[in-house]
**Q** 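First, the structure itself, so that you have it in front of you.
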Amino acid sequence: MITESAVAQWDLELDDLFLTIGHRFGRVELRRRMRDYVRGLLAPVARKNSWQLAEQAGHSTPDGLQHLLPGSKWEPGVEEHRNENRR
């Protein structure tokens with residue numbers, strides 16, 4: 001059984017994660033969408049589609065979440081190269 005203290009601890013750890021990776025999202029709106037998206041994926045939502053995730057997050061439409069991933073610029077491998085250069 002999942003306890004309330006475990007849920008509270010997970011919530012704190014998610015907040016730490018969002019603070020750690022938030023700088024990768026250029027605007028505060030994108031950071032909030034990322035947070036809502038991840039929380040929606042972890043929530044007890046029956047179907048994990050944009051409408052249900054948006055509803056879970058309190059959004060009136062799924063537009064923001066639908067454009068989060070395809071609208072983002074990703075550079076796979078960049079972080080690995082940066083980390084290798086620091087060694």
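Computed from heavy atoms alone, side chains included, the values below leave out hydrogens, waters and symmetry copies. Remember, it's a predicted structure, so these values are computed and weren't measured experimentally.
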**Q** Which heavy atom of A54 sits nearest to which heavy atom of P62, and what is that distance?
**A** CB-CA, 3.6 Å
**Q** Looking at every heavy atom in both R33 and G64, which two are closest together, and how far apart are they?
**A** CD-O, 3.3 Å
**Q** Of all residues at least two apart in sequence or in a different chain, which pass the side-chain hydrogen bond (donor to acceptor under 3.5 Å, both in side chains) check with E4?
**A** none
**Q** Show me the pairs that pass salt bridge (Lys or Arg N to Asp or Glu O under 4.0 Å) and involve residues 39-54, at least two apart or across chains.
**A**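 Pairs touching residues 39-54 that pass the test: D11-R39, D15-R39.
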**Q** Write down the atom of G26, the atom of L30, and the distance for their closest heavy-atom approach.
**A**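 Residues G26 and L30, closest heavy atoms: N-CD1, 4.3 Å.
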**Q** At what distance, to the nearest 0.5 angstrom, does CG of L12 lie from CG of L17?
**A** 12.5 Å
**Q** Around atom CZ of R32, are there more than 12 heavy atoms from other residues, nucleotides or ligands closer than 6.0 Å?
**A** no
**Q** Look only at the side chain of R31 and the backbone of F25, and say whether a donor-acceptor pair between them is shorter than 3.5 Å.
**A** yes
**Q** Do the side chains of L53 and L41 get nearer than 4.5 Å, heavy atoms only?
**A** yes
**Q** Mind checking salt bridge (charged side-chain N to carboxylate O under 4.0 Å, His left out) for E29 and listing every partner two or more places apart, or none if nothing turns up?
**A**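 Expected list: R27.
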**Q** Quick one: do L42 and L14 satisfy side-chain contact (heavy atoms from CB on, under 4.5 Å)? Show the steps, please.
**A** CA-CA 10 Å; L42 296 173; L14 271 176; 3.8 Å; yes
**Q** Side chain of H67, backbone of D63: donor and acceptor closer than 3.5 Å?
**A** yes
**Q** As an exercise, state the distance from CG of L65 to OH of Y37, rounded to the nearest 0.5 Å.
**A**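 Result: 8.0 Å between the selected atoms.
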**Q** Look at the side-chain heavy atoms of Ile, Leu, Val, Met, Phe, Trp and Tyr, link any pair under 4.5 Å apart, and say whether W10 and V45 land in one connected group.
**A** no
